[in-house]
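The block underneath contains the structure these notes are about, expressed in structure tokens.
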Amino acid sequence: MKSPLLSLPGAVPAEGVDEGVAAHYGDLFREQRALAEGTGFVDLSHRGVVSVTGDDRLSWLHLLLTQHVSDLPTGQATEALILSAHGHIEHALYLVDDGTTVWAHVEPGTQGALVAYLESMKFFNRVEVADRTDEFAVVHLPAGSIAEVPEGVVVRETPYGRDLFLPRADLESYAEKSGPAVGLLAYEALRVEHHRPRLGFETDHRTIPHELGWIGTAVHLQKGCYRGQETVARVQNLGKPPRRLVFLHLDGSEVHLPPAGTDIRLADEGPDGRKIGFVTTSVRHHELGPVALALVKRNVPLDARLVADTTAAAQEVVVEP
């Protein structure tokens with residue numbers, strides 16, 4: 001779904017899964033600084049939007065999600081995962097309940113599979129699940145923003161800012177009143193700075209929540225009765241995850257960033273050394289320079305010198321080994 005805001009001056013389209021919105025509007029670092037200072041907004045209208053209505057919506061979702069939502073207060077934001085039977089991450093949902101409806105935004109293109117799964121689990125519960133992506137666009141206002149929210153718009157407020165579920169038909173008029181528009185690359189740079197994982201970027205087919213630090217923020221350890229819960233409990237109580245998320249400071253003299261999927265090795269072992277991880281997201285930050293998130297084996301020493309392909313990298317702990 002192509003955003004109408006791609007017609008704004010300077011807009012450069014994003015690629016890959018984020019196709020459909022602007023990567024930037026001509027000045028990446030200026031846009032990053034604006035977002036960090038609490039001004040502007042980010043067009044996230046390519047993300048999927050799913051709603052759940054009905055009297056049983058919270059108690060029913062509580063049985064399916066990793067998060068404790070049976071008593072979720074109206075207006076309180078949370079995030080949750082859906083796991084496979086083996087505990088691997090399949091979906092990430094960013095939720096809020098407005099008193100009558102649970103609203104969630106999800107990764108672009110995943111809403112169809114999510115709705116299909118939820119529909120298959122309805123049984124006799126009084127719930128209705130709908131894909132609302134055609135009707136609603138997600139817009140992000142950064143922390144500290146004093147921009148007005150249109151009346152009646154559902155808001156999901158977090159420490160990182162506010163996510164608005166804006167009627168898609170109002171997107172262009174909202175942009176005219178609430179600029180400047182900030183591109184997705186600026187949003188991603190701050191996401192990496194804050195060590196926040198993203199489904200499909202920091203995850204692969206075998207990722208479990210412990211590896212990414214999603215325990216606590218998206219997984220509640222004092223509840224059971226959801227698919228994959230046995231794996232979560234076993235790793236939490238009896239073992240350690242096989243990998244851990246790290247934040248990398250990359251050599252700033254390199255012209256090119258190592259792309260997602262770049263192998264990480266121990267610098268002391270040279271270019272033919274064993275692979276001990278891979279880059280998941282790399283960005284250029286307006287203050288920190290080139291940085292990245294990566295998954296490495298849990299037993300990699302904290303003081304080890306790393307290389308991402310040929311780029312030197314120093315690790316900062318996100319998930320404790």
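Residue indices begin at 1 and follow the sequence shown. Any value given below was found using the heavy atoms of this structure, including those in side chains, with hydrogens, waters and symmetry copies removed.
Sequence neighbours left out, the pairs with a member in residues 81-91 that pass salt bridge (Lys or Arg N to Asp or Glu O under 4.0 Å) are E90-R227. Among residue pairs with one or both ends in residues 203-214, those qualifying as salt bridge (Lys or Arg N to Asp or Glu O under 4.0 Å) are D204-R243, E211-R243; sequence neighbours excluded. The ring pair (Phe, Tyr, Trp, His ring centres under 6.0 Å) analysis of residues 284-311, with sequence neighbours excluded, yields no pairs. Note on residues 47-73: pairs passing salt bridge (Lys or Arg N to Asp or Glu O under 4.0 Å), not counting sequence neighbours, are R47-E107, D55-R126, D56-R126, R57-D97. Sorted by first and then second residue, the side chain to side chain donor-acceptor pair (under 3.5 Å) pairs involving residues 167-176 (not counting sequence neighbours) form an empty list. Pairs engaging residues 140-154 under the side chain to side chain donor-acceptor pair (under 3.5 Å) rule: H140-D163 [sequence neighbours left out].
Remark: E128 engages K122 in a salt bridge, criterion side-chain N to carboxylate O under 4.0 Å.
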Check: residues 288-314 side-chain donor-acceptor pairs under 3.5 Å, at least two apart:
unit_1, atom_1, unit_2, atom_2, d
R298, NE, P241, O, 3.1
R305, NH2, D268, OD1, 2.4

Only distances under 3.5 Å count here; give the side-chain donor-acceptor pairs of residues 81-88 to other protein atoms, sequence neighbours excluded, each with its distance to 0.1 Å.
unit_1, atom_1, unit_2, atom_2, d
S84, OG, H86, N, 3.2
S84, OG, G87, N, 3.4
S84, OG, H88, N, 3.1

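Here the closest heavy-atom approach between residue P209 and residue V219 is recorded as CB-CG2, 3.7 Å. The minimum heavy-atom distance between R156 and A77, with the atom names listed, is CG-CB, 3.4 Å.
Two different hydrophobic clusters hold V246 and V283 under the rule that ILVMFWY side chains link at heavy-atom gaps under 4.5 Å.
Take Y94 and apply the ring pair (Phe, Tyr, Trp, His ring centres under 6.0 Å) test, not counting sequence neighbours, and it matches H105. By the salt bridge (charged side-chain N to carboxylate O under 4.0 Å, His left out) test, E79 is found to be paired with no residue, residues two or more places apart in sequence or in another chain being considered. Every side chain to side chain contact (heavy atoms under 4.5 Å, CB included) that K2 has, sequence neighbours left out, goes to L6. Taking the salt bridge (charged side-chain N to carboxylate O under 4.0 Å, His left out) definition, one finds that R132 meets it with E135, sequence neighbours left out.
Without hydrogens or angle criteria, N237 side chain to A233 main chain gives a donor-acceptor distance under 3.5 Å. Judged by distance alone, with hydrogens and angles left aside, the side-chain atoms of K223 form no donor-acceptor pair with the main-chain N or O of V69 at under 3.5 Å. With hydrogens and angles disregarded, a donor-acceptor distance shorter than 3.5 Å links the side chain of T39 to the backbone of A34. Side-chain atoms of E31 come within 3.5 Å of backbone N or O of Y25 as a donor-acceptor pair.
A side-chain donor from one of T281 and E202 sits under 3.5 Å from a side-chain acceptor of the other.
Both cation-pi conditions hold for R191 and F201: the charged atom is under 6.0 angstrom from the six-membered ring centre and inside a 45 degree cone around its axis.
The ring of W103 has its center closer than 6.0 angstrom to the ring center of F136.
Taking the side chain as every heavy atom from C-beta outward, D131 and V49 never approach each other to under 4.5 Å.
Within a 6.0 Å sphere centred on NE2 of H194, heavy atoms belonging to other residues, nucleotides or ligands number more than 12. In this structure, E316 places its CD atom where more than 12 heavy-atom neighbours from other residues, nucleotides or ligands lie under 6.0 Å away.
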